[in-house]
Protein chains: 2
Amino acid sequence: MATIKDVAKKAGVSPSTVSRTLKDNPAISEETKIKVRAAMDELGYVPNIAAQVLATGLTHSLGVILPPLTNRENISQPFYMEILTAINEEASCNSQVVSIATGATLDELVKQVKLMHRQKRADGFIILYSETKDPVKDYLLKEKVPFVVIGAAVDNTNKVTYIDNDNKAIGQEAVFYLNSRGHQTIGFVTDDLFGQVGQERYQGYKDAVSELHIESLPELVFSSQTIDSFKKHLRTFLPTALVVKDDLVALRLIQWVNNQGIKIPKDYSIISINNSSFAEIMHPFLTTYDINIQELGKESVRKLVAILKDENTEPQKVTIPFHLIERESVTSI
Amino acid sequence: MATIKDVAKKAGVSPSTVSRTLKDNPAISEETKIKVRAAMDELGYVPNIAAQVLATGLTHSLGVILPPLTNRENISQPFYMEILTAINEEASCNSQVVSIATGATLDELVKQVKLMHRQKRADGFIILYSETKDPVKDYLLKEKVPFVVIGAAVDNTNKVTYIDNDNKAIGQEAVFYLNSRGHQTIGFVTDDLFGQVGQERYQGYKDAVSELHIESLPELVFSSQTIDSFKKHLRTFLPTALVVKDDLVALRLIQWVNNQGIKIPKDYSIISINNSSFAEIMHPFLTTYDINIQELGKESVRKLVAILKDENTEPQKVTIPFHLIERESVTSI
DNA sequence: TTGAAAGCGCTAACAA
DNA sequence: TTGTTAGCGCTTTCAA
């Protein structure tokens, strides 16, 4: 494989001139640049990254940290694969490569991230989940490793850049939309009470419901353990429409509901959030908010690259817009 | 950050001794190794990979090539995320890092793989799909880059290592199982006629059906465009049980079927393949063959690492065993 | 505007 | 069993 020296010889210049041409250094005259580039093309020259890394300390590679694999189902959500491909695409445009970090637990994750960082296998990281007191985040912060997180701005907001949707606003919008379609009794369905995302969306629900002066229902938890109480709640509160935490919950719900002989949207209108590929595998097709995963991924790369370029880039909270995709699961009453 | 020289000085040996200790070179006495390791620990020494790469030409990083993103739904299947995490886990054990390659088309994919290889960002690759006349595979073959493919051994079987399940056997097993539960008219449902995997599974179905001397039905294609003819086929052939190509198709099918008021397994028994995380989100829970994605991923890493270690490792076809997970979607008649 | 040369951290051939 | 030393391919300071 051709090296910088080969190119230099061929172009009749010194290796440093070739290196500068590679970086498009303004000190080099256009004339020689053209000469050098011709030589590169002819030899099919591709810079050796390892040598670059060694000389500059920069790897041009971004680490993407997946959430701990505590439950298999979570990681299976379309979200992760979609954001991974979006990130990779934008990274390519910035001539960065994407490496991944996974682990069964947060501890394993820290270990892997630590290694990746210390071995200089990544210049910076993108964390695909957001938790308070996350040891991974703490490590990165302590070691002053550049990183951004995709998710809610839960802590250290003055020190870390968060990229996220306005989940509260989505929850609100959903209620307003349902109400505009004539619904007066609206419920909120989630699968657990602890997730950050779910809580924000529920908060939005509560805000909207109180603003509209319509009935506020407690969170309806839909999971295998809570089916019975879920059923009971449906009977006592008699909602005509449900805001569902995300498409996965909606899928499970619609599954169950179909099985019970309940009809969507006749018996209940359902509006969900994420617009994942799930939305069109269920019947009826799901009306759901698109959270723009592409943009979430790309913006996170852009922000990280900006920080990499200039350490003093101010941490910020970036909000990616969402929009409604109307399909079949909501009806007017 | 501590370098090999720092360690050498601290331990009172030469840098090469430290390097050899790192590689656990048998030429170095246990005594000095202990001394050196103590010095490493004390300094928190971590080898600089870039320097290693430059000196040895080995990156200790594996490229994982995802299928072209032609349809968003495919990549969203739980399979990819699961195999990615399995691969990463096994790679970690072999102190390898995983980098990913994605692209909208095969052309983009080749471009990215080419770059990764020429920039020395990966020693070898794992391809997560299997196609004939795949330009990516061709490039890798031409450049003699080590790689393995997870999927059917479609071509160049004497030159490339394939890791896969015996999809034909799974198709057969499914029919035998259904027949053992009393079913005599069994159909095979797929979503398209072209996928390699689906074809193999259908072949297994046909073999079994002919072996059992029971009725052989044509492939029942279930997709949004073919719903009507699918319905008609169901009515004319009157199967009591269906072998479904994979869990995603099963999910869509059960969705639709529930919506139609058809009851599973009362009206039709359904057996599927993959045992993805989908299997327990549908009602009824899906009886399906587990294809052991973990093992598929890990074995591919092991094989690739073996090839990396010894170029002359013989290409082989590795078959990962499968097993049935009985849940609720099959009943005896 | 360009070149010479030192050095990034590690490995491995050779010598001892 | 260990040390010396010459690179690996690139960047960058300093000098011209």
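Values in this document were obtained by computation on a predicted structure and should not be read as measured data. Letters A, B, ... are given to chains in the order of the sequence lines, protein chains preceding strands, and every chain is numbered from 1.
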request  = Quickly work out the A:Leu22 CG to D:dC10 C1' distance and round it to whole Å.
outcome  = 9 Å

query = A:Ser99 and A:Arg121: side-chain contact (heavy atoms from CB on, under 4.5 Å), yes or no, with the steps?
reply = CA-CA 8 Å; A:Ser99 297; A:Arg121 284 185 180 278; 5.9 Å; no

message = Is it the case that the side chains of A:Ser14 and A:Thr17 hold a donor-acceptor pair, with the cut-off being a distance below 3.5 Å and no angle test?
response = yes

inquiry  = Using a 3.5 Å distance criterion without hydrogens, assess whether the side chain of A:Lys33 forms a donor-acceptor pair with backbone atoms of A:Asn25.
reply    = yes

message = Taking A:Ala38's backbone N and O only, do any of them form a donor-acceptor pair with A:Asp41's side chain (distance below 3.5 Å, no angle check)?
response = no

ask   = Roughly, in whole Å, what's the span from NZ in B:Lys33 to P in D:dT1?
value = 9 Å

query = Taking it one step at a time, do B:Asp166 and B:Lys317 satisfy salt bridge (charged side-chain N to carboxylate O under 4.0 Å, His left out)?
reply = CA-CA 10 Å; B:Asp166 186 341; B:Lys317 197 171 164 318; over 6 Å; no

message = What verdict does the side-chain contact (heavy atoms from CB on, under 4.5 Å) test give for A:Met116 and A:Val113, after you've listed the backbone C-alpha separation in whole Å, the side-chain angles of each residue and the deciding distance to 0.1 Å?
response = CA-CA 5 Å; A:Met116 285 178 74; A:Val113 168; 5.5 Å; no

ask   = Given the rule in the salt bridge (charged side-chain N to carboxylate O under 4.0 Å, His left out) test, do A:Lys303 and A:Glu299 qualify, once you have shown the distances and angles that lead to the verdict?
value = CA-CA 6 Å; A:Lys303 283 283 171 278; A:Glu299 186 61 20; 3.0 Å; yes

query = Between which nucleotides of DNA chain C, 5' to 3', does chain A make heavy-atom contacts below 4.0 Å?
reply = C:dT1 to C:dG9

key: Nearest-nucleotide pick for B:Thr17, side chain only, options being D:dT12, D:dT1, D:dG3   = D:dG3

inquiry  = Expressed as a whole number of angstroms, how long is the span from B:Asn48:CG to D:dC8:C1'?
reply    = 13 Å

message = If you assign B:Val13 and B:Leu54 each to the DNA chain D nucleotide with the nearest heavy atom, which residue ends up on the more 5' nucleotide?
response = B:Val13

ask   = Where along residues 36-47 of chain B does a heavy atom come under 4.0 Å from DNA chain C, residue by residue in number order?
value = B:Tyr45, B:Pro47

query = Is A:Asp155 reaching over with its side chain to a backbone N or O of A:Lys133, donor-acceptor style, under 3.5 angstrom?
reply = yes

key: Flag, side chain of B:Ser276 to backbone of B:Pro78, donor-acceptor distance under 3.5 Å   = no

inquiry  = Heavy atoms from C-beta onward define the side chain here; which of D:dT4, D:dT1, D:dT11 lies closest to that of B:Thr32?
reply    = D:dT1

ask   = Judged by atom type as modelled, is there a donor-acceptor pair below 3.5 Å linking the side chain of A:Thr56 to the main-chain atoms of A:Gln52?
value = yes

request  = Calculate the interatomic distance between A:Lys5 atom NZ and D:dG7 atom C1'; express it in whole Å.
outcome  = 9 Å

key: Distance, rounded to the nearest Å, where B:Lys120 contributes NZ and D:dC8 contributes C1'   = 11 Å

Could you write out each protein N or O paired with an N or O of nucleotides 13-15 of chain D at a distance under 3.5 Å?
unit_1, atom_1, unit_2, atom_2, d
D:dT13, O4, A:Arg20, NH2, 2.7

request  = Assign A:Ser19 to base, sugar-phosphate, or nothing according to its heavy-atom contacts below 4.0 angstrom with the strands shown.
outcome  = base

ask   = Taking CG from B:Leu58 and C1' from D:dG9, how many angstroms apart are they, rounded to a whole number?
value = 16 Å

task = Could you tell me whether a side-chain N or O of A:Asn48 sits under 3.5 Å from a main-chain N or O of A:Ala51, the two making a donor and an acceptor?
result = yes

